[in-house]
**Student:** 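There's a structure below that I have some questions on.
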Amino acid sequence: MRTLFSAVLLGPFAAAAQSPTPTWSADIACIVYTHCASCHREGGAGHFPLTSFTEAFPYRNDIRDATQLRLMPPWPPDEDYRSLAHERLLTTEEVDLIAAWVNGGAPEGDPNLAPPPPAFESDWVIAQPDITARMEEYVVPPSSNDNYRCFVLPINNPVDRYITGFEVVPGNTAVVHHVLVFTDETGQAAQLDAGDPEPGYASFGGIGVSGAKLVGEWVPGAEPYFTPPGMGLPLPANADLVIQVHYPAGSTFALDSTRVNLQLSPGGFVREMALDPVLDHGPTLIDGPLVIPPGVVKTFHNQYTVPLPATITAIGPHAHLLCTRMKAFAVLPGNDTVPLIDIPEWDFRWQGLYAFRRPIHLPVGTVLHGEATYDNTTNNPDNPNDPPQWVTLGEATTDEMMLFYFGWTYGFPADTLIVVDTAAHAAHHLDCTPSTVLGLEEAAGMPALTAYPVPAEDVVHLTGLAAPGALELLDAAGRMHGRWTVAGASLTLEADHLPAGVYTAILRDRQGSPVQRARVLKR
Ligand code: HEC
């Protein structure tokens, strides 16, 4: 019975009939440390740590279910519509491997094979920020309502600079729900702050300052944002940094002191960027106003014709609780459609600013399109009203919004050559790779090739290589120790730097499929 079950779950590995149960140490720790531990650690956004076998074991069933359902790691955009920079995704092999591990009893295996757990020395990713500013300590007063509070962070910056990276470090991850970061050149925010005896000031709707400019946003789990090379967001001389923090209802008496770290351009020519809600619920809404009657599911559209050559670098959709889907695309002057983002199951708690893998150039006349669907029926579990009520445009979480922020700059066609992130899959923690994913098991049934001498000392000769491609050398835990291009039928590898042990050499053809293997013994 169990064989049948694991054969189904193992998917691509089913062919290796006696494939042993994956273990935490050889297979799973690498996946979890790479894809989960950044949030699931002491002080992280995930509520329980996953930085050791002992911590993970009690959660094994939840880990299996959350990964099978693709709820974890959280990544709301549909990667098939558009693949975005720094995607948090597991491969099918990794999801299957986790399931096989849990269904096989979640064994630890040999602890010596496990990669060392990730070390988080600081909560900061920008280790040496040019500017770091922290709000005064604030105690959230008792209230049954959402609390949106603005804090002015004095930064004493005497000259015009450009922001190239920013990071929000929430003071209290249990209650900080959403942070918007603005620059204010007008001094109005400081005046509003001075007029309120408590730290900061209440602001229901923006930060109450016309002329303030959004430079960043943060939600739980959000990573720091960096502008593409050569571009920056303006930080005018003597501007204040203003953060608006959303503390949800129930945060009563929680203490918070959130910090913002900025990385600035060292100087030289910087292309000025802006972060603007180009598609909005105002002039660009073509079937507004944004009014959603009770009991109704309704889709709205916005549209904007780009008046100058532009390059877009990031997109940040924003709506509230009734929203169930947000999607945006561009139609170029030649009528080609460029998908931008599709969030098929909108979740108010997971909104972010998503960077494109490469900037996207939009010639004059490109039409940007946005779509958002709102479900104001009792079928929507997030509907704040029971029974449903009329919902209109507004700042409260129980009102609605429809915005697509764009990071953009004056554009040149060659901007599409700038690389932000082209990696298909996050690089693994310390280069560890689950042994089963890399194919030690699949290699078991493949034609052998000859490796000598046995054992090897300073070199290994391989003969009988069947195809042009690449040769990978893996240790018993599946970690790669080298990769060589194969052109002819034989190959000599330098081995003097290799630790003693048993290795598997796998030849992959040009498509990446494994075709041959050899066992290498190193003294
Ligand atoms: C970007 C941050 C982040 C990453 C990365 C992440 N998690 Fe989570 N995880 C959370 C948060 C926050 C919660 C709390 C529930 C929520 O708010 O949705 C959570 C909840 C969970 C839960 C509880 C069950 C549930 O679905 O609510 C499990 C299990 C879980 N995570 C496992 C994982 C695993 C396994 C990985 C890696 C494959 C992972 N998480 C990666 C942030 C993260």
Side-chain angles (χ1 to χ4, degrees), residues 9 22 24 27-77 79 84-103 106 114-115 117-118 120 123-125 167-170 172-179 217-225 246-251 316 321 343 345-355 381-382 397 421 423 425-429 432-434 436-437:
L9 287 163
W24 168 264
D27 304 288
I28 307 302
C30 173
I31 302 176
V32 169
Y33 293 168
T34 303
H35 298 284
C36 319
S38 60
C39 295
H40 289 279
R41 60 179 166 107
E42 246 6 280
H47 302 307
F48 50 92
L50 293 174
T51 51
S52 67
F53 173 72
T54 329
E55 285 169 353
F57 186 78
Y59 288 100
R60 60 197 180 282
N61 292 330
D62 298 329
I63 291 173
R64 175 195 55 203
D65 298 348
T67 51
Q68 291 263 301
L69 294 170
R70 303 275 176 178
L71 295 173
M72 288 287 146
W75 187 254
E79 70 269 21
L84 294 154
H86 316 302
E87 268 173 0
R88 284 191 296 254
L89 295 172
L90 296 181
T91 62
T92 310
E93 285 84 355
E94 289 169 335
V95 171
D96 292 344
L97 207 55
I98 292 174
W101 171 64
V102 176
N103 295 330
F120 299 99
D123 287 345
W124 302 4
V125 173
E167 160 174 46
V168 172
V169 186
N172 184 337
T173 47
V175 296
V176 176
H177 204 269
H178 195 166
V179 180
E217 60 171 299
W218 178 90
V219 291
E223 276 153 45
Y225 177 76
H246 173 198
Y247 303 103
S251 310
L321 294 165
I343 302 189
E345 286 173 46
W346 174 258
D347 184 342
F348 177 69
R349 297 166 311 154
W350 285 111
Q351 38 201 316
L353 180 65
Y354 298 95
D382 292 326
T397 319
D421 174 29
H425 189 61
H428 276 176
H429 167 64
C432 63
T433 308
T436 319
V437 166

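Quantities reported herein were computed from a predicted structural model and do not represent experimental measurements. First listed ligand is number 1; within each ligand, the first listed atom is number 1. For the numbers below, each heavy atom of this structure counts, side chains included, while hydrogens, waters and symmetry mates do not.
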**Student:** With distance as the sole criterion, is a donor-acceptor pair present between the side chains of His35 and His428 under 3.5 Å?
**Tutor:**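 The criterion, which ignores hydrogens and geometry beyond distance, is satisfied for His428 and His35.
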**Student:** Whether the side chain of Arg70 engages the backbone of Leu89 through a donor-acceptor N/O pair (distance < 3.5 Å, no angle test) should be reported.
**Tutor:**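 No, Arg70 side chain to Leu89 backbone: no donor-acceptor pair under 3.5 Å.
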**Student:** Just jot down the ligand 1 atoms closer than 4.0 angstrom to any heavy atom of Asp62, in number order.
**Tutor:** 29 (C)
**Student:** Do any N or O atoms from the side chain of Arg88 and from the backbone of Trp75 form a donor-acceptor pair under 3.5 angstrom?
**Tutor:** no
**Student:** Considering all protein heavy atoms, does one lie under 4.0 Å from atom 24 (C) of ligand 1?
**Tutor:** no
**Student:** Looking only at protein heavy atoms, identify the closest one to atom 12 (C) of ligand 1 and say how far it is in Å.
**Tutor:** Ala45 O, 3.3 Å
**Student:** Fit a plane to each ring of His40 and Phe48, take the angle between them on a 0 to 90° scale, and name the class: parallel (under 30°), tilted (30 to 60°) or perpendicular (over 60°).
**Tutor:**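 The rings of His40 and Phe48 sit tilted, inter-plane angle from 30° to 60°.
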**Student:** For atom 14 (C) of ligand 1, what's the nearest protein heavy-atom neighbour? Residue, atom name and distance, please.
**Tutor:** His47 CD2, 3.4 Å
**Student:** Near atom 8 (Fe) of ligand 1, which protein N/O/S atoms fall under 2.8 Å?
**Tutor:**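 You should have found His40 NE2, Met72 SD.
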**Student:** Any donor and acceptor pair, going by atom type alone, linking the side chain of Thr67 with main-chain N or O of Met72 inside 3.5 Å?
**Tutor:** no
**Student:** Which of the numbered atoms in ligand 1 are under 4.0 angstrom from any heavy atom belonging to Arg88?
**Tutor:**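 So the answer, numbered in order with elements, is 1 (C), 5 (C).
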**Student:** Counting only heavy atoms on the protein side, is anything nearer than 4.0 Å to atom 27 (O) of ligand 1?
**Tutor:**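 No, there is none.
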**Student:** Quick one: side-chain contact (heavy atoms from CB on, under 4.5 Å) partners of Pro76, sequence neighbours excluded?
**Tutor:**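 Here the qualifying residues are Ile343, Trp350, Tyr354.
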**Student:** For Glu55, which residues count as a side-chain contact (heavy atoms from CB on, under 4.5 Å) partner, sequence neighbours excluded?
**Tutor:**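 Residues passing side-chain contact (heavy atoms from CB on, under 4.5 Å) with Glu55: Pro49, Thr51, Ser52.
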**Student:** Starting at CG of Leu90, measure out to OG1 of Thr34 and round the result to the nearest 0.5 Å.
**Tutor:**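 Nearest 0.5 Å value for the CG-OG1 distance: 9.5 Å.
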**Student:** Is there a side-chain contact between Ile63 and Ile28, using heavy atoms and a 4.5 Å cut-off?
**Tutor:** no
**Student:** May I ask you to identify the nearest protein heavy atom to atom 17 (O) of ligand 1, giving residue, atom name and distance to one decimal place in Å?
**Tutor:**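 I find the closest protein heavy atom is Arg349 NH1, 3.5 Å.
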**Student:** Considering only heavy atoms of Ile63, which atoms of ligand 1 have at least one such atom less than 4.0 Å away?
**Tutor:** 29 (C), 35 (C)
**Student:** Just one of Trp218, Phe348, Tyr247 clears the side-chain contact (heavy atoms from CB on, under 4.5 Å) bar with His177, so which one?
**Tutor:** Phe348
**Student:** Tell me, please, which residues at least two apart from Cys36 pass disulfide bond (SG atoms under 2.5 Å apart).
**Tutor:** none
**Student:** Starting from atom 5 (C) of ligand 1, what is the nearest protein heavy atom, named by residue and atom, and what distance separates them?
**Tutor:** His35 O, 3.4 Å
**Student:** Below a 4.0 angstrom heavy-atom separation, can you tell me which part of Phe48, side chain or backbone, both or neither, approaches ligand 1?
**Tutor:**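 Under 4.0 Å from ligand 1, Phe48 contributes side-chain atoms alone.
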